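Since this is a predicted model, take the numbers as computed values, not measurements.
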Amino acid sequence: METSRSPLGPLSSALLRWCAYAPGTGDYAALAALLEVFEAGVAAQHSCLPLEQAPPAPQGLAWADLLQNSALLGPELGPAPLVLWENALYLAKDARYESALAEALLSRAAQPAPLAVAPAQVRGWLEALFGAPGEAIDWQRLGAAMLLERRLLVLTGGPGTGKTSTVTRALTLLAAALAANEDGGAPGPVRMALAAPTGKAAARLAQAVAGAKAALSATTLPPALAAALAAIPDEAVTLHRLLGYQPYGNRFARGAEAPLMADVVLVDEASMVDLRLMAKLFEALAPETRVILLGDKDQLASVETGQVLGDLTAGVGKPALSSARCRALEALTGDDLRPFEQATVPPLADCLCHLQLSYRFDPTGAVARFATAVNEGRRDEAWAVLARGDEALGYAQNPEAVLGDALDAYLTLWRREEEGAEEGALLTQLGAFALLTPTRKGPLGVSGLNAQIAAGLRKAGAPVPAEGPFPGMPLMVLRNDPSLGVFNGDLGIVRATETGLVAVFPGAGGGAPKRVPLDRLPAYEPAYACTIHKSQGSEFGKVSVVLPSGLGDSGQQLLNRALLYTAVTRAQTRVRLFAEPAAVECCLAQAPLRRSGLARRLWSGAP
């Protein structure tokens with residue numbers, strides 16, 4: 001089969017070969033044009049292509065008719081490789097994942113699952129965990145109560161809004177309620193699983209929960225809550241490990257036939273979970289298991305297909321609860337929820353809780369105002385905040401000027417190591433600064449910045465070899481090694497010891513720093529710079545962000561609001577942005593886009 005078109009990609013070629021050998025006829029040249037667009041969308045991790053966004057079909061024909069005639073289309077469970085749903089074209093596997101996930105979420109959201117615990121008891125526990133209620137609604141407190149009445153809680157919030165602290169208290173409340181359930185509660189100890197999409201995120205979750213547990217333990221808790229707090233596990237695992245991923249078959253041991261034995265599953269960094277993995281998680285859940293999805297809905301979407309957390313929160317712009325949900329929660333909390341009551345809302349709305357009060361940023365400060373303006377696409381306001389100039393938010397139009405702050409930071413780190421600073425102090429210094437970029441390649445990508453900073457350090461007198469590590473070098477692990485307790489994305493620093501060079505990493509749960517001999521460490525690289533994607537979930541004292549220019553069409557697609565929002569909100573105290581105005585404008589003008597039908601399935605009630 002030949003056409004006059006340019007060479008097709010592997011997916012398009014495979015689909016057209018299907019046309020050639022499967023029953024049916026088709027206009028191969030026309031289909032090739034469509035499939036090129038479809039393949040580009042698959043490569044960009046869209047789960048579907050709405051046909052109204054495809055190029056016009058030839059001779060006024062309908063794409064759906066051409067596809068049907070080609071035998072490419074079929075039902076979700078059929079042998080054909082493509083599925084058409086609501087005039088959107090899918091790979092059959094993605095249509096199956098989307099449909100199954102929507103059905104599982106809607107089913108879990110629609111059915112109340114109250115625990116038989118006296119409301120007065122719950123109110124007492126809430127006061128012990130969150131303090132006395134105030135005049136305004138405390139969404140942290142309300143979010144914890146929401147978990148007692150449904151088997152799904154989607155808890156979102158920006159950086160510093162207390163998501164981990166809230167969820168630790170929510171788990172404590174739930175464990176106490178399960179143990180006190182008049183219907184018998186959980187058989188034996190409450191079974192909890194803490195998980196995240198990556199090893200690094202799982203380690204951070206375990207550390208954050210340990211800190212929240214320690215803070216709660218320092219308060220005076222009723223015996224039931226103290227026992228429940230102790231039931232929260234100290235370990236968090238990757239979702240792949242939780243589901244028993246088997247790489248040789250690209251399958252999971254856990255599923256409908258072998259569900260997870262858990263009363264509650266918490267998934268942190270849910271924005272990073274792709275469509276397939278989320279579908280596999282819900283397939284593996286027993287009907288009675290409660291699920292908490294925790295994350296920042298405005299961060300970058302998953303690396304793989306879909307934008308599940310974004311779709312889960314797409315249906316409401318402000319808090320809205322059904323009348324039945326309001327009455328149930330008012331009985332548990334004593335709050336007046338009438339301002340948020342609507343006669344009818346989609347089932348999923350009753351399972352959403354968004355935390356807005358940030359404890360990291362002053363909401364009136366430059367960083368918070370800039371991040372909000374970027375996130376909401378308010379271009380003029382974002383530029384106005386940048387133009388004012390602020391100690392907490394600086395802007396330089398020359399991207400190459402980013403090297404100055406980075407050299408100062410890493411010279412300080414090297415000198416402190418040379419002076420024999422304690423490992424804890426070195427790690428604190430390492431976390432005081434980060435240089436973030438959207439790309440790995442190019443002069444202002446990770447590889448180019450690493451090379452330029454190494455050359456600058458060498459010029460300043462640091463013993464930086466042409467290749468290889470040296471004492472004082474920051475590094476990033478590139479591969480998981482659970483046996484060593486290090487994971488892809490972990491940051492550490494090289495240190496000289498009597499037995500040779502070691503990498504020093506933060507200890508689990510805020511404990512003593514961990515040493516790993518460099519010759520045992522899995523693949524790693526210098527970490528003077530980090531991609532914005534890999535920085536998700538992390539925080540640093542000060543952050544420099546560079547947006548390279550001249551990235552080309554594919555590179556320009558990286559520059560969007562979610563990317564810039566994610567980058568600037570990694571900082572605790574100060575952000576400096578280095579970018580030509582056109583690159584900033586590209587971010588502000590471009591909303592993150594992942595084509596998906598999941599939001600429509602969830603919020604229209606059509607699974």
Looking at R241, I'd like to know if its CZ atom is crowded, meaning that more than 12 non-hydrogen atoms belonging to other residues, nucleotides or ligands lie closer than 6.0 Å.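 Counting other residues, nucleotides and ligands, CZ of R241 stays at 12 neighbours or fewer.
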
Strictly below 4.0 Å, N to O, side chains only: are E539 and R204 in salt-bridge contact?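 Judged by the 4.0 Å cut-off on N to carboxylate O distance, E539 and R204 do not form a salt bridge.
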
Electrostatic pair K163-E269, nearest N-O below 4.0 angstrom: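 No.
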
Under the criterion side-chain contact (heavy atoms from CB on, under 4.5 Å), I'd like the reasoning laid out for Q536 against T566: C-alpha separation, chi angles, the key distance, then a yes or no. CA-CA 7 Å; Q536 288 191 94; T566 301; 3.7 Å; yes

Between [X] (side chain only) and [Y] (backbone N and O only), is there a donor and an acceptor less than 3.5 Å apart?
X: R574; Y: G541; result: no
X: Y410; Y: L457; result: no
X: S535; Y: S538; result: no
X: R254; Y: A284; result: no
X: T289; Y: L285; result: no
X: S165; Y: G162; result: no
X: S447; Y: R440; result: yes
X: K514; Y: A503; result: no
X: T172; Y: L225; result: no
X: N450; Y: Y528; result: yes

Candidate pair L491 and F540, rule side-chain contact (heavy atoms from CB on, under 4.5 Å), full reasoning: CA-CA 12 Å; L491 286 171; F540 306 90; 3.8 Å; yes

Can I get a per-line list of side-chain donor-acceptor pairs under 3.5 Å for residues 462-474, giving both atom names and the distance, sequence neighbours left out?
none

Quick one: does [X]'s side chain get under 4.5 Å of [Y]'s, heavy atoms only?
X: L293; Y: M278; value: yes
X: V546; Y: P399; value: yes
X: S217; Y: L229; value: yes
X: T439; Y: L558; value: yes
X: T437; Y: I532; value: no

What residues form a side chain to side chain donor-acceptor pair (under 3.5 Å) with [X], not counting sequence neighbours?
X: R415; value: none
X: Q397; value: none
X: R416; value: none
X: Y565; value: D296

Going by salt bridge (charged side-chain N to carboxylate O under 4.0 Å, His left out), name the residues that satisfy it together with [X], two or more places apart in sequence or in a different chain.
X: D234; answer: K213
X: R576; answer: D405
X: E580; answer: none
X: R594; answer: none

Under the side-chain hydrogen bond (donor to acceptor under 3.5 Å, both in side chains) rule, what pairs show up with a residue in residues 270-279, not counting sequence neighbours?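 Residue pairs passing side-chain hydrogen bond (donor to acceptor under 3.5 Å, both in side chains), neighbours aside: Y97-R276, N250-R276.
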
Going from [atom1] on [X] to [atom2] on [Y], what distance comes out if it is rounded to the nearest 0.5 angstrom?
X: R169; Y: L147; atom1: CZ; atom2: CG; result: 15.0 Å
X: L281; Y: L242; atom1: CG; atom2: CG; result: 7.0 Å
X: L577; Y: Y395; atom1: CG; atom2: OH; result: 6.5 Å
X: N375; Y: L564; atom1: CG; atom2: CG; result: 10.0 Å
X: K534; Y: D490; atom1: NZ; atom2: CG; result: 9.5 Å
X: L178; Y: L173; atom1: CG; atom2: CG; result: 9.5 Å

Run the side-chain donor-acceptor check on residues 429-436: report pairs under 3.5 Å with partners two or more places apart or on a different chain.
none

Provide the closest heavy-atom pair for L239 versus A195 in the form atom of the first, atom of the second, distance.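 Closest approach of L239 to A195: CD2-CB, 3.9 Å.
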
Measure across P159 and T569 and return the closest heavy-atom pair with its distance rounded to 0.1 Å.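 Scanning both residues completely, I find the closest heavy atoms to be CG-CB, 3.4 Å.
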
Does the side-chain contact (heavy atoms from CB on, under 4.5 Å) test come out yes or no for I292 and V265, once each step is laid out? CA-CA 6 Å; I292 309 172; V265 173; over 6 Å; no

Non-neighbouring partners of E283 that pass side chain to side chain contact (heavy atoms under 4.5 Å, CB included), sequence neighbours left out: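 With sequence neighbours excluded, E283 shows a side chain to side chain contact (heavy atoms under 4.5 Å, CB included) to A256, K280, given in chain and number order.
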
Hey, what's the ring geometry for H240 with Y245, parallel, tilted or perpendicular (30° and 60° as the breaks)?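 Ring orientation of H240 relative to Y245: perpendicular.
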
How about N488 and N480: does a side-chain donor come under 3.5 Å of a side-chain acceptor?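 No, because no side-chain N or O of N488 sits under 3.5 Å from a partner of the opposite role on N480.
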
How far apart are the C-alpha atoms of L171 and L194, what are their side-chain angles, what is the distance that settles it, and do they pass the side-chain contact (heavy atoms from CB on, under 4.5 Å) test? CA-CA 11 Å; L171 289 173; L194 311 185; 4.0 Å; yes

